[in-house]
Amino acid sequence: MPVFSDALLAALNAPQREAVITTEGPLLVLAGAGSGKTRVITTRIAYLIEKQAAAPESILAVTFTNKAAEEMRVRVGELVGQEKAKKVTISTFHSFCLQVLRRDIGHLGRRRNFTIYTENDARILLRRVTDELGTEESERYSPARFHQAISLRKNHGGKAPAISRAVRISAADEKYESRLSHVYESYQSALQAANSLDFDDLLLFTHELWQRFPEVLESVQRQFRYVMVDEYQDTNRLQYELLRMLTAAHRNLCVVGDDDQSIYSWRGAAPRNILDFEKDFSEARVIALEQNYRSTGVILAAANGVIGNNRERREKKLWTSRGAGRLCDLFIVGDEEEEAREARRWLEHIVRSTKAAWRDFAVLYRSNMQSRPFELAFREAGIPYKVFGGQDFFERAEVKDLISYLKLLANPRDEAAFLRIVNMPRRGIGDSVLHQAHEVCRTEGCSLSKALFVLLERGQTPSRSEGGIRRFLYMLQDFRKRYKENGHGLRETTEALIRAIGYAEEVERVSKTPEQAQARLQNLDVVLQALSRYVEEAACPSLSGFLDQTHLDNASMEERNHYETDDQVSLMTIHSAKGLEFPFVFIVGLEDGCLPHEQSMKEGGIEEERRLFYVALTRGQRHVTLFQALSRMRHGKERECKPSRFLTEIPAELLRMHGCAAPQMMSRG
DNA sequence: AGACCCAGGTTTTTT
DNA sequence: ACCTGGGTCT
C-alpha cells in the first residue's frame, strides 16, 4: 500500500503546497484553469489522513458530477490505498443529500421509500396539475417552463428570486409570478401524494431537515470534520446554505473553484458565492493557483487577454514556465458548411504534420445544433468522431417505460410512473377510467393503483377494461413481492417482468422496422446489464438502490470509459468540455450572435459568454484554432454575421489569419 | 388507437 | 427550416 511521502509535497509548487497543508479553518483556493486543482484536493485528502491522522470517515468531498467524484476517488485511492479511500465520502451534493434523507426523512413526516422524479416525471405531473388549476396557466406556459421556474425558486432556498434571466418572461407576463406560486404549491402537494422528490427537493428537504431537527444536523456535523468542495463557482444559494450549516461548528471548509469558469449561472449557480467567500468566513485563507501546467504561453496570453475584459472577477493571471508555442490560427470562412470543410482539411493537415491521433482533437461549439456540418464533413472524410451530449439514454421511450415499471413497483404512489405505463402495453385502461381513479385518489387519499382496485370492487369499471385492470393489479402485487424477497435476483425478476407484461411483443408491434425493434430491445438489454452490474457491486442490492443510482448517475447505464479508449475526434459544446483538455482545440462559430450568443446578450449575460470563450481557449494544450463564418443559417434563414467581439480581445500578435476567400473559390474537390 | 396537422420553439445541462 | 408535442379527426 502506498504511503504518503514528503516527496508528494515537494512535487507541488508553493501555493499548491500551502493549500494542502492548510487543513484547519475556512480556505478558498482560487484555482485557475489547468493549475492542478484536482491534484491539490486529492493530495490534501491524503495529507489529512496520513499526516494529520484524520479518520477517512471524517472527510467529505463534494463534487458536481459523478464523473468528477469517480475520478477523485480513484486518485485518492492511488495515494492512500483503496481501503482508506473507500471510507472517504466523495459524492455529489445530490447523492449526499439522498443518503441523509433515506435515513432521516421520516422526521419530516415523509416515507423513506420515496422515488426520485426526473425532469420528465416532473413535467408529466405539472401537466396534470396545471390542467386542473384551470386553462389559463396551462395555455400560456409549458410544464417545462414552470418546472424551470420552480427549480430556480427551490435553489434559492424556497424564496422567490428576482425573475431570472433563465426564465424568459416578458414584462407583459407579470401575472405569471402569482400563478407560479399557485402552481408551485400544487406541484409540491402532488409530489407529496406521489411520495416523490424531484432533484431540487433532495437539497431542499435536507435543508429543512437540518433546520428543524438540530440533532440530525449535529450528528452529521460530528461525523464530517473536514469538508471540501470542488467547482465551488457552480454552487447555488441552497448548496451554499447546506455547506454553511454543515461546517458551522468547526468551520473546516475548503472550497476550490475559479470564478472565471463559472458558466452555469443560467441554471441557478451563484458565482457570488466565490466572490463573497471572505465576507461569510472572515477568517478565511485565500490561496490563488496561477501557474498553469496545461497550455502554451500563447494560449494563456490569449485567454488572459479575453478574460481581462470582465469586471466581476477576482484578478488573476495564468502563467506557464513552458514555451510560447504556436500562434492561434484564425480561419475566416463563408458559412457553416465551409467551416466544417476547412476544419476537416486543417485537422487532416495537423495529423499529417504532427502524427497526432484523432483523440487529440476537439471541436467546441456554443450550441448542439452546430455539430451537424462537422458530422457530415467528418463522415465523408472517414474521420472517426464522437458527438457528446446528444439524446440521453433515458429519453428513449422503452427505457422510460421499463424504468417507470420499476419505479412504480418500488413506490406504489408514484403517479408519473403509473400514468406512463398503466396502458403500455395496452390494457384497455383509457382516460375515463383514469379520471375516475383520480377522483378516488382525491377522496380516499390513496394511490392510483389502489383506486383502480376500489373501482373494481364497486363495479364501476367498464367491462371492457375489467380484465386488463385485474391483470395489471395482479402483476403489480406479484412483482412487488418478488422484488422485495430477492435483492440479488434483480435482473432475473426484471426479465420475468418484461415477459409477464409482453413488452417485447409490444415493442415489435409498435416498431416500424425490424431494425428499430432490434435497437429498442437492445436498449432494454442495457438496462438489464446495468442491473447485473449493480447487483455485483452493491453491498446490499435492492430495487430502490438501483433506481437511486440510475437517477443520480447518468453514466451508470453506459458502458464505462467507452469514449476514452476509442480514437475519435470529440465534438461537444463548450459547456460539456469544462474540466477536459485536448492537445488541439478548434473553437468554431466565432460570430456575434453565436458566441456570444444572441439570447444571452439580450439578457445582459455578456460576461458569462466571455467566460465561456475563456473556458474554450483554456481547454487547449498545444494549439488552438478559431473559425469565424461570414454568414450562417439562423432560424432557417441565411444571415450575415459580424465577427465575435471576443476575437478583438485576443492580442492581434497572437493570431495568424487565414484567407477570406469567396465561398466558391474555397470549394475544391 | 393511430394518422395527420398545426403551432411553437429553437443556448448552454446535472442531478 | 425543422423538430416536438398536443390536439383532432377517423
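The figures here come from the full heavy-atom set of this structure, side chains too, leaving out hydrogens, waters and symmetry mates. Per chain, numbering begins at 1; letters A, B, ... match sequence-line order.
Residue A:Asp260 is tested with A:Arg313, A:Arg611, A:Lys578 for a salt bridge (charged side-chain N to carboxylate O under 4.0 Å, His left out); the sole match is A:Arg313.
Judged as a side-chain contact (heavy atoms from CB on, under 4.5 Å), and not counting sequence neighbours, the contacts of A:Met633 are A:Glu336, A:Glu638. A search for ring pair (Phe, Tyr, Trp, His ring centres under 6.0 Å) contacts involving A:Phe374 returns nothing, not counting sequence neighbours. Every residue two or more places apart in sequence or in another chain was checked for a side-chain hydrogen bond (donor to acceptor under 3.5 Å, both in side chains) with A:Tyr534, and none qualifies. Applying the side-chain hydrogen bond (donor to acceptor under 3.5 Å, both in side chains) rule to A:Glu398 yields the partners A:Asn523; only residues at least two apart in sequence or on another chain are considered. Under the rule for a ring pair (Phe, Tyr, Trp, His ring centres under 6.0 Å), A:Phe199 has no partner lying at least two apart in sequence or in another chain. For A:Arg471, there are no side-chain contact (heavy atoms from CB on, under 4.5 Å) partners, not counting sequence neighbours. Among residues two or more places apart in sequence or in another chain, the ring pair (Phe, Tyr, Trp, His ring centres under 6.0 Å) test is passed with A:Phe472 by A:Phe418.
Applying the 4.0 Å criterion to OP1 and OP2 of B:dT15, one finds that A:Thr118 has every side-chain N and O outside that range. At B:dT10, none of the side-chain N or O atoms of A:Ser367 fall inside 4.0 Å of OP1 or OP2 (strictly under the cut-off). For the OP1/OP2 pair of B:dT13 and a distance below 4.0 Å, the side-chain nitrogens and oxygens of A:Asn368 include at least one atom meeting the criterion.
The distance from atom CD of A:Gln549 to atom P of B:dT15 is 13 Å, rounded to the nearest whole Å. Spacing between atom CG of A:Leu612 and atom C1' of B:dT13 amounts to 12 Å, rounded to whole angstrom units. Between the CD atom of A:Glu598 and the C1' atom of B:dT10 there is a distance of 12 Å, given to the nearest Å. Here the P atom of nucleotide C:dC3 and the CE atom of A:Met633 are 13 Å apart, to the nearest Å. In this entry the distance linking CZ of A:Arg632 with P of C:dA1 reads 18 Å, nearest Å. In this entry the distance linking NE2 of A:His575 with P of B:dT13 reads 7 Å, nearest Å. Taking atom CG on A:Asp553 and atom C1' on B:dT15, their separation rounds to 10 Å, with Å as the unit. Whole-Å rounding puts the A:Arg372 CZ to C:dC2 C1' distance at 10 Å.
Stacking of A:Trp266 onto the six-membered ring of B:dT12 is present: less than 5.5 angstrom between centres, less than 30° between planes.
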Which atoms of nucleotides 6-8 of chain C (N or O only) lie under 3.5 Å from a protein N or O atom, and what are those distances?
unit_1 : atom_1 : unit_2   : atom_2 : d
C:dG6  : OP1    : A:Arg127 : NE     : 3.4
C:dG6  : OP1    : A:Arg127 : NH2    : 3.4

Polar-atom pairs under 3.5 Å, protein N or O versus N or O of nucleotides 1-3 of chain B: list them with distances, or write none.
unit_1 : atom_1 : unit_2   : atom_2 : d
B:dA1  : OP1    : A:Asn423 : ND2    : 3.3
B:dA1  : O3'    : A:Arg426 : NH1    : 2.9
B:dG2  : OP1    : A:Arg426 : NH1    : 3.0
B:dG2  : OP1    : A:Arg509 : NH1    : 3.0
B:dG2  : OP1    : A:Arg509 : NH2    : 3.4

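Within 4.0 Å (heavy atoms only), A:Asp198 reaches no atom of the nucleic acid at all.
Nearest-nucleotide assignment on DNA chain B puts the 5′-proximal partner with A:Arg366, out of A:Arg366 and A:His551.
Atoms CG and CG, on A:Leu406 and A:Asn411 in that order, are 12.5 Å from each other to the nearest 0.5 Å. Atoms CD and CG, on A:Gln549 and A:Leu531 in that order, are 9.5 Å from each other to the nearest 0.5 Å.
Across the C1' atoms, B:dT12 and C:dG5 are found 22 Å apart, a figure rounded to whole Å.
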